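Presented below is the structure to which this report refers.
Please read these numbers as outputs of a predicted model, since none were measured by experiment. Note that these values count all heavy atoms, side chains included, but never hydrogens, waters or copies made by symmetry.
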Amino acid sequence: MTIAADLPARTRRSSDLSKHSAEVFAEAEDHPVTVTRRDGEALVLMSQREAEGRSRLLNFAAQLITVTLDDSGSLAERMAKAFPWMLALSPTDRESCAQDLVDAARASFSTDQPHLALAELTSWKETATAIAAGLGSADLEWLDEDDAVERPQ
């Protein structure tokens, strides 16, 4: 069984929008809904979050295409030109970041799930930001699993 078979119906008639608007709007909050019309082209109803996610993914794709068209330097070096925040990462982390971002983008495009690439991009950018702020050099003290810690009051 495919994943698509498990998803709710994504197509509604325009009459459903007028007769059962609350139901159609609730459905559109979960996933885009195609509204078919007899007198015109079908329309797609989706949340602003969904539309912004798709827009951000397309912007990210445009940056990745620019990176791949550049033929000078390694993938990590080319990606650091497009994403200057990567320069805060170590060279090894830049390599990992570059490959992770490409892999996440491929997964997002092949599954139509923008959040996969966007979450990876956000995670690496926040990591670079923390390192740039000096948080990456702090010595951490790990608690042993056996040590009980009192609940704060």
Interatomic spacing from [atom1] in [X] to [atom2] in [Y] - rounded to 0.5 Å:
{"X": "Asp93", "Y": "Thr127", "atom1": "CG", "atom2": "OG1", "result": "8.5 Å"}
{"X": "Met46", "Y": "Thr34", "atom1": "CE", "atom2": "OG1", "result": "8.5 Å"}
{"X": "Cys97", "Y": "Trp85", "atom1": "SG", "atom2": "CH2", "result": "4.0 Å"}
{"X": "Leu121", "Y": "Leu116", "atom1": "CG", "atom2": "CG", "result": "12.5 Å"}
{"X": "Glu52", "Y": "Leu118", "atom1": "CD", "atom2": "CG", "result": "11.0 Å"}

Open item on the list: Going by side chain to side chain donor-acceptor pair (under 3.5 Å), name the residues that satisfy it together with Glu29, two or more places apart in sequence or in a different chain.
Closed with: none
Quick one: list whatever passes salt bridge (charged side-chain N to carboxylate O under 4.0 Å, His left out) with [X], sequence neighbours left out.
{"X": "Arg56", "result": "none"}
{"X": "Lys81", "result": "Asp70"}
{"X": "Glu126", "result": "none"}
{"X": "Glu50", "result": "Arg54"}

Taking [X] for the side chain and [Y] for the main chain, is one N or O donor matched with an acceptor at less than 3.5 Å?
{"X": "Arg78", "Y": "Gly73", "answer": "yes"}
{"X": "Ser55", "Y": "Ala51", "answer": "no"}
{"X": "Ser21", "Y": "Ser18", "answer": "no"}
{"X": "Arg10", "Y": "Val33", "answer": "no"}

Linking directly or through intermediates, with side-chain heavy atoms under 4.5 Å: list the remaining ILVMFWY members grouped with [X], chain and number order.
{"X": "Ile65", "answer": "Leu69"}
{"X": "Leu87", "answer": "none"}
{"X": "Leu58", "answer": "none"}

Open item on the list: Any heavy-atom pair between the side chains of Arg94 and Met79 that's under 4.5 Å?
Closed with: no
Enumerate donor-acceptor pairs with a distance under 3.5 Å from any side-chain N or O in residues 35-44 to protein atoms, sequence neighbours excluded.
unit_1	atom_1	unit_2	atom_2	d
Thr36	OG1	Arg12	O	3.4
Arg37	NE	Glu41	O	2.9
Arg37	NH2	Glu41	O	3.0

Quick one: closest heavy-atom pair of [X] and [Y], and the distance?
{"X": "Pro114", "Y": "Gly53", "result": "CB-O, 3.7 Å"}
{"X": "Glu95", "Y": "Ala76", "result": "OE2-CB, 3.4 Å"}
{"X": "Ala117", "Y": "Ser108", "result": "N-OG, 2.7 Å"}

Just list the side-chain donor-acceptor pairs under 3.5 Å for residues 99-106, sequence neighbours left out, or say none.
unit_1	atom_1	unit_2	atom_2	d
Gln99	NE2	Asp103	OD1	2.9
Asp100	OD2	Trp124	NE1	3.3

Task: Residues in side chain to side chain contact (heavy atoms under 4.5 Å, CB included) contact with Glu77, at least two apart in sequence or another chain - done: Ser74
Open item on the list: Filter on ring pair (Phe, Tyr, Trp, His ring centres under 6.0 Å), then keep only pairs touching residues 88-117, sequence neighbours left out; what's left?
Closed with: none
